[in-house]
Amino acid sequence: MAGTLPMAGKVVLITGGTGGIGKATAIGLASIGARVGITGRDLARAELAAADIRAASGNPAVDAFAADMTSQAEVRRLAVAILDAYPRLHVLVNNVGGFWAHRHPTTDGLERTFALNHLAPFLLTNLLLDRLKASAPARVVTVSSGAQSMGRIAFDDLQGAGNYSGQRAYNQSKLANVMFTNELARRLEGTGVTATSVHPGVVRTNFGAEDQAWFFTVISRVVRPLLKTPAQGAQTPIYLASSPDMDGISGQFFVNRKPKAANKVAYDTDMTARLWRVSADLVKGTSA
Ligand SMILES: NC(=O)c1ccc[n+]([C@@H]2O[C@H](COP(=O)([O-])OP(=O)(O)OC[C@H]3O[C@@H](n4cnc5c(N)ncnc54)[C@H](OP(=O)(O)O)[C@@H]3O)[C@@H](O)[C@H]2O)c1
């Protein structure tokens, strides 16, 4: 039975698969036969989520990994664990992300939104890139947001040290996701590995709950029932990760399974190359 499913034989890693959009993406991809690895900060919580995903998908091939991805040392440790566990890796879904109303420094001394939403996927992808290339055809899907359209990369203050705003930091990080994707797509031309980014819609999850802006608390109470369910929010990430329609498609931003023009900065190759260089410097030691 499993051999007839479209993702049978494929190995997928989804960061942040313990809840929200990531967990729903994991259920969707496990249901069509993929071996799925999920990550979260706490191993016990990740194991519980993996058990839920096995039950919901009917697929026993779900593995749990733990790493606090705000820490570059933890991202590096996670990459080693993934390379040990998976001799082949066909899809990486960079889904982890968050919003913080106030500025929080990470153990590396970086601002948390930029560190978790952009530098963590940047570093993890680079550490797994050779394995993805060796497993080609392979795909990197990065979960951005509609907020990317309002983003601006403040190269003079990427860490929001001067005047932090949660919304500005989030918009910047989600634009960085699309810029990273487009630059990655260019660097991967001819390798059989594609890179796409996605706005999943506005989805009812735990997003932003750790340090929520007051207006989000008010708005989310009112509009929460109208938001997409996690399963609905996962539809485009699942499509990008698995559909034959996406074979060879790279360097595009998707909303509701359709390509959409992103922030024009994301197509400025000087800017995307600059962000890549600055990011490589901030994750020192990565051969990126
Ligand atoms: N929800 C929306 O409306 C919406 C809209 C547009 C874009 N997005 C994007 O969609 C993605 C997923 O969001 P979501 O709404 O599903 O969020 P969520 O419900 O808050 O889930 C976040 C996931 O990331 C994990 N996580 C959080 N902090 C982490 C850390 N420091 N290290 C490792 N893992 C961590 C969480 O696992 P643990 O708590 O178990 O560690 C959880 O699995 C994000 O990139 C977000 O920007 C969401």
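Residue numbers run from 1 in the order of the sequence given. Whatever order the structure lists ligands and atoms in, that order sets their numbers, starting from 1.
- Transitive grouping of hydrophobic side chains (ILVMFWY, heavy atoms separated by less than 4.5 Å) brings M69 and L123 into a common cluster.
- Residue V203 shares its hydrophobic cluster (ILVMFWY side chains chained together at separations under 4.5 Å) with I21.
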Using residues 27-43 as the side-chain source, report each donor-acceptor pair under 3.5 Å to any protein atom, sequence neighbours left out, with the distance given to one decimal.
{"residue": "S31", "atom": "OG", "partner": "I27", "partner atom": "O", "Å": "2.6"}
{"residue": "R35", "atom": "NH1", "partner": "D63", "partner atom": "OD1", "Å": "2.8"}
{"residue": "R35", "atom": "NH1", "partner": "D63", "partner atom": "OD2", "Å": "2.8"}
{"residue": "T39", "atom": "OG1", "partner": "G16", "partner atom": "N", "Å": "3.0"}
{"residue": "R41", "atom": "NH1", "partner": "E210", "partner atom": "OE2", "Å": "2.8"}
{"residue": "R41", "atom": "NH2", "partner": "E210", "partner atom": "OE2", "Å": "3.0"}
{"residue": "D42", "atom": "OD2", "partner": "A44", "partner atom": "N", "Å": "3.3"}
{"residue": "D42", "atom": "OD2", "partner": "R45", "partner atom": "N", "Å": "2.9"}

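- Within the structure, the salt bridge (charged side-chain N to carboxylate O under 4.0 Å, His left out) test picks out no pair touching residues 194-208 (sequence neighbours left out).
- Between the side chain of E111 and the main chain of P105, no donor-acceptor pair closer than 3.5 Å is present.
- W276 does not carry R186 over the face of its six-membered ring by the limits of under 6.0 Å from the centre and within 45° of the normal.
- At a 4.0 Å heavy-atom cut-off, the residues surrounding ligand 1 are G16, G17, T18, G19, G20, I21, G40, R41, R45, A67, D68, M69, T70, N95, V96, G97, L116, V143, S144, S145, Y170, K174, H199, P200, G201, V202, V203, T205, N206, F207, listed by chain and number.
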